[in-house]
Amino acid sequence: MTSDRSPTSRFPHLRHDFAASLVVFLVALPLCVGVAVASGVPAELGLVTGIVGGIVTGLMRGSSLQVSGPAAGMTVLVFEAVKEFGLPVLGVIVLAAGLLQVAMGALGLGRWFRAISVSVVEGMLAGIGLVLIAGQLFPALAAKAPDSGLGKIAGLPRAFLDALGDGKALASLAVCAGTVAVLVLWKLVPARVRALPGPLAAVGLATLAAYLLSLPVATVEVKGLLGSVQPPPVSAFGELAGVGVLGTIVAFTLIASAESLFSAAAVDRLHSGPRTRYDRELIAQGTGNTVCGLLGALPMTAVIVRSAANVQAGARTKASRVLHGVWLLLFAALLPGVLAYIPIPALAGILIHSGAKLVPVRALAALWRENRGEALILAVTAVSIVAVSMFEGVLIGLALAVVKTAWEASHIRLEVVDKGAGPVEARLSGNATFLRLPRILDSLESLPEDRPVRIDLSGLHHLDHACRTALENWAERHSAAGTEPVQVTIPAARGHEPAKARTA
């Protein structure tokens with residue numbers, strides 16, 4: 001018995017998903033290569049991560065339209081890890097981070113990443129963007145970039161001066177500038193031409209110009225897909241005993257997970273389909289990173305640029321992201337030699353443009369007008385990442401967010417009512433914590449010592465041990481001065497008897 005069901009009826013969204021997969025593939029191709037080169041690893045490893053992100057993570061449940069692969073946001077951290085520990089250990093770090101993500105998703109911790117301060121995440125991305133821009137300007141000038149973030153920024157004036165008398169450097173800078181110009185102006189071209197993704201058009205035009213004009217610019221080194229895939233050797237796992245490697249694993253895990261889940265939240269706002277299941281998405285990301293680690297490839301995250309392109313191209317199901325991984329695999333297997341024609345300054349231009357979009361200049365200005373505390377957290381996090389390192393910068397931002405929250409949570413109001421005769425009334429409302437204790441004591445100690453005092457604490461939502469002890473000690477001192485004992489009205493316990501007044 002034969003079925004009369006056509007492929008169209010069995011897969012009603014196949015046409016939309018197929019077209020979207022081609023768009024995402026064309027967007028992902030130059031970004032995969034550019035992130036790999038900027039990370040200091042073979043270009044093919046970026047394609048491997050893109051393939052795994054499409055086929056392995058794409059097949060799993062979580063966020064149906066989100067696309068994963070190597071991300072510009074991880075470039076700085078990966079470059080530092082490769083420089084410090086070597087390429088073989090990178091696979092171990094990515095593998096361990098992936099397993100940690102799977103465990104966190106299985107324990108139901110995925111939704112908790114939404115509790116991370118948005119200012120810290122935006123500050124993290126801004127810091128990455130600044131380091132990325134500064135770092136990629138050096139290959140754009142055919143120069144070697146310094147190791148530290150501050151060194152990159154400080155070395156830029158000298159690099160530009162050195163390039164003025166160097167024909168090779170000027171040619172490289174021209175290719176980079178032309179690439180950025182195409183990316184910026186691509187939205188102005190006719191809609192039919194704009195069907196070709198901007199990053200691919202920019203790299204394609206740069207490659208064509210470099211080839212036709214025989215420009216003396218560096219191009220991507222090609223080793224071949226199989227030659228680049230190097231599973232981590234057994235000896236590399238011994239590095240897990242080092243504190244530096246463990247810290248890098250934690251940084252990879254937290255940053256990749258936060259970026260992926262924040263991206264998922266953003267993608268959910270772009271479509272009306274099924275919502276993201278955060279724990280399952282974390283497991284999917286972890287599984288993909290585990291496979292990438294076993295292959296010695298780059299870490300993956302969900303990437304908002306590719307994900308948005310997927311939604312805007314009309315994708316309906318996860319088939320589009322799986323197919324984009326298949327196209328990357330076919331390209332890496334059949335046309336690897338094409339990579340050798342791509343100018344490195346063109347890839348630098350792609351990443352400079354991506355880095356600039358990570359720096360929220362307009363959002364920071366608006367945030368400064370609305371909430372200066374959050375704006376300060378964003379700015380300090382970004383500057384700390386540039387000045388120190390990625391991991392320490394994020395920790396500084398998180399610490400500031402916690403301190404700000406604690407300070408705001410300790411908001412307290414002290415109202416003193418003095419009618420000129422009789423007892424002086426002091427009413428406290430809000431949250432009395434040790435953070436506001438100096439202010440409370442200063443106000444109480446300014447009360448007249450020869451007058452009876454009544455303290456009303458019934459308006460407090462919280463009274464910590466430090467404040468309670470300090471208030472009791474002050475009441476004893478005031479009562480010892482020969483006046484009537486201080487009367488204190490304590491907060492009512494929830495669900496119990498109402499507040500009662502007691503004498504100190």
Side-chain angles (χ1 to χ4, degrees), residues 19-39 43-44 46-47 50 69-70 72 75 129 132-133 135-143 160 163 166-222 303 305-306 308-310 312-313 324 327-328 330-332 334-358:
S21 72
L22 291 175
V23 173
V24 178
F25 160 68
L26 295 176
V27 171
L29 179 60
L31 292 174
C32 287
V33 176
V35 169
V37 173
S39 300
E44 291 85 351
L47 294 175
T75 302
L132 193 59
I133 293 169
Q136 291 306 302
L137 283 172
F138 285 90
L141 295 166
F160 274 104
D166 187 342
K168 182 178 179 181
L170 291 176
S172 181
L173 181 60
V175 171
C176 177
T179 303
V180 174
V182 171
L183 289 170
V184 172
L185 300 174
W186 194 247
K187 60 185 177 182
L188 302 178
V189 302
R192 291 184 178 180
V193 180
R194 210 163 53 241
L196 188 67
L200 185 69
V203 171
L205 290 172
T207 302
L208 186 63
Y211 178 76
L212 294 178
L213 301 176
S214 300
L215 297 178
V217 296
T219 56
V220 175
E221 294 183 9
V222 177
V303 187
V305 174
R306 274 162 260 186
N310 190 38
Q312 292 164 1
H324 118 275
W327 310 143
L328 286 174
L330 291 175
F331 176 86
L334 302 178
L335 301 170
V338 174
L339 298 178
Y341 293 96
I342 299 178
I344 287 179
L347 297 177
I350 293 286
L351 293 175
I352 289 171
H353 184 259
S354 298
K357 291 192 291 186
L358 293 177

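All values derive from a computational prediction rather than experimental measurement. Hydrogens, waters and symmetry mates play no part in the numbers below; they use all other heavy atoms, side chains included.
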Heavy-atom pair with the smallest gap, counting every atom of [X] and [Y]:
X      : Y      : answer
Ala309 : Val24  : C-CG2, 4.4 Å
Ala171 : Pro216 : CB-CD, 4.0 Å
Ile352 : Cys176 : CD1-SG, 3.8 Å
Leu47  : Ala332 : CD1-CB, 4.0 Å

Please round to the nearest 0.5 Å and tell me the distance separating atom [atom1] of [X] and atom [atom2] of [Y].
X      : Y      : atom1 : atom2 : answer
Leu183 : Ser354 : CG    : OG    : 7.5 Å
Glu44  : Glu221 : CD    : CD    : 10.0 Å
Leu132 : Lys357 : CG    : NZ    : 12.0 Å

Name every donor-acceptor pair, under 3.5 Å, that has one atom in a side chain of residues 198-211 and the other anywhere in the protein, sequence neighbours excluded.
from: Thr207; atom 1: OG1; to: Val203; atom 2: O; distance (Å): 2.7

Determine all donor-acceptor pairs shorter than 3.5 Å in which one atom belongs to a side chain in residues 184-192; sequence neighbours excluded.
from: Trp186; atom 1: NE1; to: Leu196; atom 2: O; distance (Å): 2.9

**Message:** Between Phe25 and Leu330, is the side-chain contact (heavy atoms from CB on, under 4.5 Å) condition met? List the steps.
**Reply:** CA-CA 11 Å; Phe25 160 68; Leu330 291 175; over 6 Å; no

**Item:** Verdict with reasoning, Tyr341 to Thr219, per side-chain contact (heavy atoms from CB on, under 4.5 Å)
**Value:** CA-CA 6 Å; Tyr341 293 96; Thr219 56; over 6 Å; no

Atom pairs and distances, donor-acceptor, side-chain atoms in residues 342-351, under 3.5 Å, two or more places apart:
none

**Asked** Tell me, do Asn310 and Arg306 make a side-chain contact under 4.5 Å, heavy atoms counted?
**Response**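 Asn310 does not reach Arg306 side chain to side chain.
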
**Item:** All side-chain contact (heavy atoms from CB on, under 4.5 Å) counterparts of Ala174, not counting sequence neighbours
**Value:**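 For Ala174, no residue satisfies side-chain contact (heavy atoms from CB on, under 4.5 Å) once neighbours in sequence are set aside.
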
Extract all donor-acceptor atom pairs below 3.5 Å that involve side chains of residues 27-35 and protein atoms in other chains or at least two apart in sequence.
none

**Request:** For Ser172 and Lys168, indicate whether the former's side chain and the latter's backbone hold a donor-acceptor pair under 3.5 Å.
**Result:**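 No, Ser172 side chain to Lys168 backbone: no donor-acceptor pair under 3.5 Å.
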
**Prompt:** What residues, two or more places apart in sequence or in another chain, satisfy side chain to side chain donor-acceptor pair (under 3.5 Å) together with Thr75?
**Reply:** none

